[in-house]
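Numbers here simply count residues along the sequence, with the first being 1.
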Amino acid sequence: MKNAREFMSVIEELKGNINDKIKDFLENSQELKDFIDFRKKHFYNYSIRNTVLIYKQDRSASTVAGFNKWKELGYNIKKGAKAIKILVPLITNREKEGKDEKYVYGYKYANVFDIKSTVPTDKAVKLPTIDTRMKRGNSQYRITELFKRSKEIVEQYIPVEVTDELEAKGMTDGEKIYIRKDRYAAMSGTLMHEFTHYLNHFDEENIKSTNQEEVEAEVGAILYGSYFNLDISGKYKYIALWKSEKVRLDEAFDVALSSFEQFLYGFNDKRGLIDLLEAK
């Protein structure tokens, strides 16, 4: 039982690390941009939660694998190398409405090592390099252009109407996004907020609380604002209004970052904002 308690203690510590780091990101725009850059360059295919854990433990990491995987690739782990702990989902099959589906029933932790902690042998496999299109958000884009280009991206998915006849800053019914006419910076944040709603909150099989949905959507706006150096100081107050003990910040960050990455880089045949900005 002692080993089981120790195991669960490590799991809970890792989960706590994720939440603590996400709070750091949301309070520090530059670190949030650094994390988006880190994820795109090295760990885009990893879960967002594990990317957060890797970033927190070793932000210089670039390629990680377990002890046995490195050995299989022809690399030895250096003596005394420090492992990076990640979470591995425990998955089983279950039947739902007559269909088999994958179900995560828990987590275990695993130790991985960064490539700098390895020594290649004469049988070492050359690792592929990763081509990234990541461009750090900066102030080179005029806010009018940024909004218009952002609107163009969103309209690949759903119509967007800018109107004076709206009391709220924005809303969506899943068929159209409505934005109240305002300053371009304000409309840009609202657009990302409503686009996050559109992508995630119209699934009848995955109903969430209003609090959870609003925090997810507003974290999406924070990601947008942080990336493009917009003033997002008021966003934290909005989140505070909706934040409760039942709101899962790690899930909100996961949903929001996935949505922002889809918006930024594109999805399937849809273009991303980076494509439009770089096509200038």
Inset, instruction - Would you check if the side chain of Glu152 reaches a backbone N or O of Lys148 as a donor-acceptor pair within less than 3.5 Å? - result: no

Inset, instruction - Show the numbers, then the answer: is there a side-chain contact (heavy atoms from CB on, under 4.5 Å) between Phe67 and Val112? - result: CA-CA 7 Å; Phe67 183 91; Val112 295; over 6 Å; no

Legend entry - Candidate pair Val64 and Ile54, rule side-chain contact (heavy atoms from CB on, under 4.5 Å), full reasoning: CA-CA 9 Å; Val64 301; Ile54 294 168; 4.1 Å; yes

Legend entry - Contacts of type ring pair (Phe, Tyr, Trp, His ring centres under 6.0 Å), residue Tyr184, not counting sequence neighbours: Phe147

Legend entry - Ala252 to Val215 - nearest heavy-atom pair and separation: CB-CG1, 3.9 Å

Legend entry - Side-chain touch Phe263/Val154, heavy atoms, less than 4.5 angstrom: yes

Inset, instruction - Compare all side-chain heavy atoms of Ile179 with those of Thr163 and state whether any distance is below 4.5 angstrom. - result: no

Inset, instruction - Just grab all the ring-ring contact (aromatic ring centres under 6.0 Å, His included) pairs involving residues 76-95, residues at least two apart or on different chains. - result: none

Inset, instruction - Find out whether Lys71 and Ile77 are in side-chain contact, i.e. whether some heavy atom of one side chain is under 4.5 Å from a heavy atom of the other. - result: no

Inset, instruction - Report, as yes or no, whether the 6.0 Å neighbourhood of atom NZ on Lys69 holds more than 12 heavy atoms from other residues, nucleotides or ligands. - result: no

Inset, instruction - Indicate the atoms forming the closest heavy-atom contact of Ala256 with Val219, along with that distance. - result: CB-CG1, 3.6 Å

Legend entry - Side chains of Leu223 and Met192 in contact at under 4.5 Å (non-hydrogen atoms): no

Inset, instruction - Check whether any side-chain N or O of Ser258 sits under 3.5 Å from a backbone N or O of Val255 as a donor-acceptor pair, and report yes or no. - result: no

Inset, instruction - Report yes if some heavy atom in the side chain of Val160 is under 4.5 Å from a heavy atom in the side chain of Leu191; otherwise report no. - result: yes

Inset, instruction - State yes or no: are the ring centers of Tyr157 and Phe195 separated by less than 6.0 Å? - result: yes

Legend entry - Donor-acceptor pair between Lys116 and Ser60 side chains, under 3.5 angstrom: yes

Inset, instruction - Any chance you could measure Ile207, atom CD1, to His201, atom NE2, to the nearest 0.5 Å? - result: 10.5 Å

Legend entry - Heavy-atom closest pair, residues Thr196 and Gly220: OG1-CA, 4.0 Å

Inset, instruction - Report yes or no: do Asn200 and Ser259 form a side-chain donor-acceptor pair below 3.5 Å? - result: yes

Inset, instruction - Please lay out, stage by stage, how Ile158 and Glu175 fare under the test side-chain contact (heavy atoms from CB on, under 4.5 Å). - result: CA-CA 7 Å; Ile158 182 173; Glu175 300 293 332; 5.7 Å; no

Legend entry - Parallel, tilted or perpendicular: ring planes of Tyr224 versus Phe260, cut at 30 and 60 degrees: perpendicular

Inset, instruction - Examine distances only and state if a side-chain atom of Trp70 and a backbone atom of Tyr75 form a donor-acceptor pair shorter than 3.5 Å. - result: no

Legend entry - Sequence-distant partners of Phe267, ring pair (Phe, Tyr, Trp, His ring centres under 6.0 Å), two or more places apart: none

Legend entry - Aromatic ring pairing Tyr198/Phe202, orientation class (parallel under 30°, perpendicular over 60°, tilted between): tilted

Legend entry - Asp114 (side chain) donor-acceptor with Thr63 (main chain) under 3.5 angstrom: yes

Inset, instruction - Please examine the side chains of Arg142 and Leu146, heavy atoms only from C-beta on, and report whether any two atoms are closer than 4.5 Å. - result: no

Inset, instruction - State, to 0.1 Å, how close Lys151 and Val162 come at their nearest heavy-atom pair, and which atoms those are. - result: CE-CG2, 4.3 Å

Inset, instruction - Could you check if a side-chain atom of Lys270 sits within less than 4.5 angstrom of a side-chain atom of Gln262, using non-hydrogen atoms only? - result: no

Inset, instruction - Provide the closest heavy-atom pair for Asp173 versus Lys176 in the form atom of the first, atom of the second, distance. - result: OD1-N, 2.9 Å

Legend entry - Atom CD of Glu161: over 12 foreign heavy atoms under 6.0 Å: yes

Legend entry - Asn211 versus Ser209, side-chain donor and acceptor atoms under 3.5 Å: no

Legend entry - Partner of Glu216 by side-chain hydrogen bond (donor to acceptor under 3.5 Å, both in side chains), out of His193, His197, Lys208: Lys208

Legend entry - Ile177 vs Pro159 side-chain heavy atoms within contact, under 4.5 Å: no

Legend entry - Nearest non-hydrogen partners of Ala221 and Gly189, listed with the distance: CB-O, 3.5 Å

Inset, instruction - Might you work through the side-chain contact (heavy atoms from CB on, under 4.5 Å) test for Thr210 and Glu214, ending with a clear yes or no? - result: CA-CA 6 Å; Thr210 299; Glu214 288 301 321; 4.1 Å; yes

